[in-house]
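Scroll down for the structure; my scribbles are underneath it.
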Number of protein chains: 2
Amino acid sequence: MSTSDRLIESTRELLWERGYVGTSPKAILERAGAGQGSMYHHFRGKPDLALAAIRRTAEDLRATAEGVLGGPGTPYERIEAYLRRERDVLRGCPIGRLTMDPDVIASDELRAPVDETIDWIRERIAGIVEEGKEQGQFASSLDGEEIAATVLATVQGGYVLARASGSPAAFDTGVRGLLSLLTPPSS
Amino acid sequence: MSTSDRLIESTRELLWERGYVGTSPKAILERAGAGQGSMYHHFRGKPDLALAAIRRTAEDLRATAEGVLGGPGTPYERIEAYLRRERDVLRGCPIGRLTMDPDVIASDELRAPVDETIDWIRERIAGIVEEGKEQGQFASSLDGEEIAATVLATVQGGYVLARASGSPAAFDTGVRGLLSLLTPPSS
DNA sequence: GTCTATACCGTGATAGAC
DNA sequence: GTCTATCACGGTATAGAC
């Protein structure tokens with residue numbers, strides 16, 4: 001792995017653990033085992049390096065989501081698979097957590113990959129819900145965009161509940177509640 | 001308002017805007033119009049002042065929640081009122097956002113009021129759902145604790161979606177989706 | 001391309017005058 | 001009770017040697 005890659009990977013870890021405001025170049029360099037010079041050679045500064053790290057994390061998350069949402073099964077099953085997929089719940093969402101970072105939100109450049117990733121997953125789920133409506137698995141009264149937002153919000157909020165209590169249980173409880181509301185009447 | 005109160009209020013605002021890690025004593029003092037001495041006279045340091053601020057915000061939030069959840073109406077209507085209550089969506093939840101703060105989560109003392117507040121609201125909603133089940137407004141197959149976690153998660157996650165996109169719309173969309181799933185079949 | 005040295009400012013806390 | 005002075009340390013960036 002190149003020095004540039006090590007810097008990006010270290011930044012990704014720290015952004016996940018401590019957010020943008022809580023992550024210092026010094027901490028990144030220590031974790032990457034690199035000196036100041038390397039970082040400022042490959043990147044213009046902290047925001048530039050963070051952008052590279054966020055973009056890589058965003059791509060990863062998209063791929064992971066597509067892995068379950070694009071998998072086999074009925075629309076309900078694919079959404080269930082998304083909701084139940086293995087997660088490191090107490091670590092939170094590496095993309096969602098950035099929305100609570102004032103410096104990320106203040107920068108259109110840093111916020112863009114966050115926005116795009118969440119939006120992409122939302123549209124993906126919305127399409128699956130519409131598919132489920134056509135197949136009669138979901139009530140036609142439901143709105144794909146709305147349910148997609150609810151599904152995504154339940155996940156993002158589930159992390160909040162879990163981290164507040166210090167246990168992953170609350171995440172799973174919220175997911176079970178949503179699934180009980182989504183369960184097709186036929187089953 | 002006493003100096004101590006001004007310090008606490010300034011801290012509350014900054015914790016909401018920038019989180020714990022992003023808030024410096026200097027910024028607090030500037031906003032409160034006080035000197036260093038005042039702060040260290042009334043509080044032992046930044047964590048102590050933050051604890052006072054978080055406790056006050058937690059009490060406020062609990063009171064606001066009780067205002068709608070303990071209001072008039074059927075169980076569904078009270079939950080709807082909670083979900084639809086006026087919020088400064090783009091500012092996020094002053095309590096929920098703290099769960100993404102590494103230093104808050106690392107401290108049992110700072111995390112406690114966050115945990116207790118969220119837990120209290122969750123139990124309050126769970127009771128209302130159970131009430132609704134007794135009245136036949138909610139399906140008996142639903143679980144109060146689960147639905148309560150879903151409701152709270154939708155709200156907390158709604159803030160994430162809204163802040164990612166820079167618009168409150170996503171919050172409302174998620175709430176509408178949840179309400180469409182919760183709507184009593186009778187109506 | 002990577003390193004160390006240096007600089008400057010902000011953070012968080014203490015000391016002691018008023 | 002509040003102020004300013006001071007302090008040690010960390011954050012972010014630059015310079016220049018190797």
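The structure presented is a predicted model; accordingly, all values stated were derived computationally and were not measured. Residue numbers begin at 1 in each chain, while the letters A, B, ... track the order of the sequences.
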For residues 52-69 of chain A, please give each side-chain donor-acceptor pair under 3.5 Å, one per line with the distance, not counting sequence neighbours.
from, atom 1, to, atom 2, distance (Å)
A/R56, NH1, A/D5, OD1, 3.3
A/R56, NH1, A/E9, OE2, 2.8
A/R56, NH2, A/D5, OD1, 2.8
A/T57, OG1, A/R12, NE, 2.9
A/T57, OG1, A/A53, O, 3.1
A/D60, OD2, A/R12, NH2, 3.0
A/T64, OG1, A/D60, O, 2.9
A/E66, OE1, A/R124, NE, 2.7
A/E66, OE2, A/R124, NH2, 3.0

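- Look at A/H42 and you'll find a side-chain N or O under 4.0 angstrom from OP1 or OP2 of C/dT2.
- In this structure, CZ of A/F43 is placed 12 Å from P of C/dG1, rounded to the nearest angstrom.
- Between B/L29 atom CG and C/dG10 atom C1' the separation is 13 Å, expressed in whole Å.
- Figure legend: A/R91 and A/W16 shown as a cation-pi pair, the cationic atom lying under 6.0 angstrom from the six-membered ring centre and within 45 degrees of its axis.
- B/R122 meets the salt bridge (Lys or Arg N to Asp or Glu O under 4.0 Å) test with B/D119; sequence neighbours excluded.
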Can you pull every protein N or O that's under 3.5 Å from an N or O on nucleotides 13-17 of chain C?
from, atom 1, to, atom 2, distance (Å)
C/dA13, OP2, B/Y40, OH, 3.0
C/dA13, OP2, B/K46, N, 3.3
C/dA13, N7, B/Q36, NE2, 3.3
C/dA13, N6, B/Q36, NE2, 2.2

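- No side-chain donor from either of B/Y159 and B/R97 sits under 3.5 Å from a side-chain acceptor of the other.
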(request) Apply the test salt bridge (Lys or Arg N to Asp or Glu O under 4.0 Å) to residues A/D103 and B/R18: give CA-CA distance (whole Å), side-chain angles for both, the deciding distance (0.1 Å), then the verdict. (result) CA-CA 8 Å; A/D103 291 3; B/R18 305 194 41 86; 3.5 Å; yes

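- Across residues 2-21 of chain B, B/T3 each have a non-hydrogen atom less than 4.0 Å from an atom of DNA chain D (numbered order).
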Counting only pairs under 3.5 Å, give me each side-chain donor-acceptor contact of residues 173-180 of chain B, with atom names and distances, residues two or more places apart or in other chains.
from, atom 1, to, atom 2, distance (Å)
B/T173, OG1, B/A169, O, 3.0
B/R176, NE, A/E146, OE2, 3.0
B/S180, OG, B/G177, O, 2.6

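- To the nearest angstrom, P of D/dA13 lies 10 Å from CD1 of A/I28.
- The listed nucleotides are D/dT12, D/dG1, C/dC3; the one nearest the side chain of A/S24 is D/dT12.
- Hydrophobic clustering (side-chain heavy atoms under 4.5 Å, transitive across Ile, Leu, Val, Met, Phe, Trp, Tyr) groups A/L110 together with A/I95.
- The closest side-chain heavy-atom distance from A/V21 to A/P102 is below 4.5 Å.
- B/K26 places its NZ atom 16 Å from the C1' atom of D/dC3, with the value rounded to the nearest Å.
- Of the residues in residues 97-111 of chain A, none has a non-hydrogen atom less than 4.0 angstrom from any atom of DNA chain D.
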